[in-house]
Amino acid sequence: MGRSQLQRGGVDRGGRFGPDADDTGCAVLHVDMDAFFASVEVRRRPELRGKPVIVGGVGPRGVVSAASYQAREYGVHSAMPGARARRLCPHAVFLPPDFAAYSEASRAVMSIFHDVTPLVEPLSLDEAFLDVAGCRRRLGSAGQVAKLIRRRIADEQGLTASVGVAATKFVAKLASTQAKPDGLAVVPAAETLDFLHPLPVSALWGVGERTAETLRRLGLRTVADIAHTPVTSLRSALGNAAGSHVHELSWGRDPRRVTPEAVDKSIGAETTFDVDIDDSATLRTTMLALAGKTAARLRRVGLVGRTVVIKVRFADFRTVTRSRTLASPTDVTREVFDTAWALYEALRPGERIRLIGVRAENLLPAGQASLQPQLGAPEQGWREADRAADAARARFGSAAVTPASLLPQTDGGGSAAPGEPGD
DNA sequence: TCTGGGGTCCTCAAACTC
DNA sequence: TCTGGAGTTTGAGGACCC
């Protein structure tokens, strides 16, 4: 999903880069499910087949999470505000996201990948890289493996996927975008630059709206333009890392391997209020719920965080963050909340607030961390309370344990209701 | 047009350490 | 003892991705 609409054209899907192109030297597959969330909804409600279906965009400030190809014909795409999507396609079926269903479908698709190779690197629920170099004797060339995977996903899951086959991750990803929907594109290793150079700069990974505008001001419009610009000029325009990065990609150089296990760098939760608020009690209650959700997720995956970050977005969409690094890492709701709230109190914005968020960074495995209570703080008691609450929730459901301060109140204010508070 | 929620990575400045 | 410089850590912000 995402940017698929912006880099079409110029590629001959049936010929040079079609499903039967020469796949010598290609070992990387990028598999991307087509309109995944919308397709899962259509699969369980066949009466929606052929209709514009939009997942997300249902609340007053919601945005589109996924749109079926019928909805995309009206210009609807992901990340578009729901109100705009409704104007463009008023007869579309709008559905709230059901992440449990999408996760289940994702697990089924990923298990097909794991039947093929252990070298699977998921990027999100609906896409993954696969290294199929070791499959040749058992299953055939990369192109043949791609066809097999597409067929199994269709037969066993009733869903369609697009697959890109190339020598590198980055080119495989571009190829799958070109193949959409329900297609297969193979970029022969020897023809990588012919594939790459006509594409717009925005096709490059890491080039978003801002960077594309900077490059446009330099007169750089295509990947070929970037390739033929001195890397020093790119570095001075974009910064060292980004300048070198786009220059390397423009020559098809991408040394990253397919790496199966990714380590979490941060875990957090945030919520946007239906209406901007300045009521301290609502903010505090919401912050407690977000801290609880964050700490519960840390405990579930066995991690602790050393740095607590809060994010505050004001009514005018300005966003600030504040962070504090603790003396020892934590997964205790109370400690996450106390730190987050202290950061908020120090900020004391005095403006109406649109969004707040809590995040834990500098993560490490709970087993490796020395979890020491702060001076004077009964942390052990809080940790035990968290564990008991986790156990109760596991047994009786997420609503089984709720801090008193999160029980329904009669005042108005925000409508945020993040799940899994902690205490 | 009016912008979600989950993240990663990079840059820069200031503080700190050696 | 003071000082400067280099390297590291922390904090904040921004761009980007799905």
Side-chain angles (χ1 to χ4, degrees), chain A residues 1-4 6 30 32-33 35-37 55-67 75-88 96-97 99 102-103 106 122-129 169-170 173 176-177 202-215 235-236 238-246 256 262-274 276 290 293-294 297 306-327 339 343 346-347 354-363 416 418-419:
Chain A
M1 282 179 269
R3 301 163 61 189
S4 55
L6 50 72
H30 179 256
D32 197 343
M33 303 299 294
F36 184 54
F37 297 173
V55 176
V58 287
R61 286 175 160 176
V63 300
V64 173
S65 289
V76 177
H77 55 80
S78 57
M80 173 181 281
R84 175 139 194 257
R86 225 169 275 276
R87 274 196 301 278
L88 288 171
F99 285 101
Y102 312 145
S103 298
S106 176
L123 289 182
S124 62
L125 285 180
D126 73 316
E127 60 180 299
F129 286 113
K169 288 167 82 170
F170 153 65
K173 181 154 170 60
S176 73
T177 302
S202 56
L204 295 177
W205 228 354
V207 178
E209 219 173 296
R210 301 296 173 99
T211 308
E213 174 57 25
T214 303
L215 293 169
R235 284 196 191 125
S236 69
L238 306 178
N240 278 332
S244 305
H245 173 72
V246 297
R256 295 165 309 154
V263 182
D264 281 332
K265 302 280 174 65
S266 71
I267 286 176
E270 62 188 53
T271 192
T272 298
F273 297 103
D274 286 350
D276 302 330
L290 294 169
K293 190 175 179 181
T294 300
R297 288 181 53 203
R306 203 154 88 80
T307 304
V308 175
V309 188
I310 65 162
K311 172 167 155 184
V312 178
R313 177 167 289 156
F314 300 111
D316 65 2
F317 222 70
R318 261 182 322 114
T319 307
V320 298
T321 61
R322 292 292 182 269
S323 62
R324 179 169 301 167
T325 299
L326 306 171
T339 309
L343 287 165
L347 185 63
R354 179 188 183 94
L355 166 153
I356 59 170
V358 177
R359 179 162 293 280
E361 295 183 352
N362 279 324
L363 306 185

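Owing to the predicted nature of the structure, the values given are computational and were not obtained by experimental measurement. Labels below follow one simple rule: chain letters A, B, ... track the order of the sequence lines, proteins then strands, and each chain is numbered from 1.
When the nearest nucleotides of DNA chain B are assigned to A/Ala241 and A/Arg84 by heavy-atom distance, the more 5′-ward of the two goes with A/Arg84. Taking the nucleotide of DNA chain B with the nearest heavy atom to each of A/Arg87 and A/Asn240, the more 5' of the two is matched to A/Arg87.
The side chain to side chain donor-acceptor pair (under 3.5 Å) check on A/Thr307 picks up A/Thr325, A/Asn362, with sequence neighbours excluded. Partners of A/Phe99 under the ring-ring contact (aromatic ring centres under 6.0 Å, His included) rule, at least two apart in sequence or in another chain, are A/Phe37, A/Tyr102. In this structure A/Thr339 satisfies the side chain to side chain donor-acceptor pair (under 3.5 Å) test with no other residue, sequence neighbours excluded. Residues satisfying the salt bridge (charged side-chain N to carboxylate O under 4.0 Å, His left out) test with A/Asp264, not counting sequence neighbours, are none. With sequence neighbours left out, A/Arg306 forms a side chain to side chain donor-acceptor pair (under 3.5 Å) with no residue at all. Remark: A/Glu213 pairs with A/Arg216, A/Arg217 by the salt bridge (charged side-chain N to carboxylate O under 4.0 Å, His left out) rule, at least two apart or across chains. Evaluation of the salt bridge (charged side-chain N to carboxylate O under 4.0 Å, His left out) rule for A/Arg322 yields no partner, not counting sequence neighbours. In this structure A/Arg324 satisfies the salt bridge (charged side-chain N to carboxylate O under 4.0 Å, His left out) test with no other residue, sequence neighbours excluded. Residues that satisfy the side chain to side chain donor-acceptor pair (under 3.5 Å) test with A/Arg313, not counting sequence neighbours, are A/Thr319.
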For nucleotides 6-8 of chain B, list the nitrogen or oxygen atoms of the protein found under 3.5 Å from its nitrogen or oxygen atoms, one pair per line.
from, atom 1, to, atom 2, distance (Å)
B/dG6, OP1, A/Lys293, NZ, 3.3
B/dG6, OP2, A/Glu270, N, 2.5
B/dG6, OP2, A/Glu270, O, 3.2
B/dG6, O3', A/Arg297, NH2, 3.4
B/dG7, OP1, A/Arg297, NH1, 3.2
B/dG7, OP1, A/Arg297, NH2, 2.0
B/dG7, OP2, A/Gly268, N, 2.8
B/dG7, OP2, A/Gly268, O, 3.2
B/dG7, OP2, A/Arg359, NH1, 3.0
B/dG7, OP2, A/Arg359, NH2, 3.0
B/dT8, OP1, A/Lys265, N, 2.7
B/dT8, OP2, A/Ser266, N, 3.1
B/dT8, OP2, A/Ser266, OG, 2.6

Got a list of protein N/O to nucleotides 13-15 of chain B N/O distances below 3.5 Å?
none

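The phosphate of B/dG4 (OP1 or OP2) has a side-chain N or O of A/Arg354 nearer than 4.0 angstrom. OP1 and OP2 of B/dG4 both lie 4.0 Å or more from every side-chain N or O belonging to A/Ser65.
Separating the P atom of B/dC2 from that of C/dC16 is a span of 23 Å, rounded to the nearest Å.
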Worksheet item: Once each nucleotide of nucleotides 8-15 of chain C is scored for protein heavy atoms under 4.0 Å, what B/S/- sequence comes out, 5' to 3'?
Response: --SSSS-S
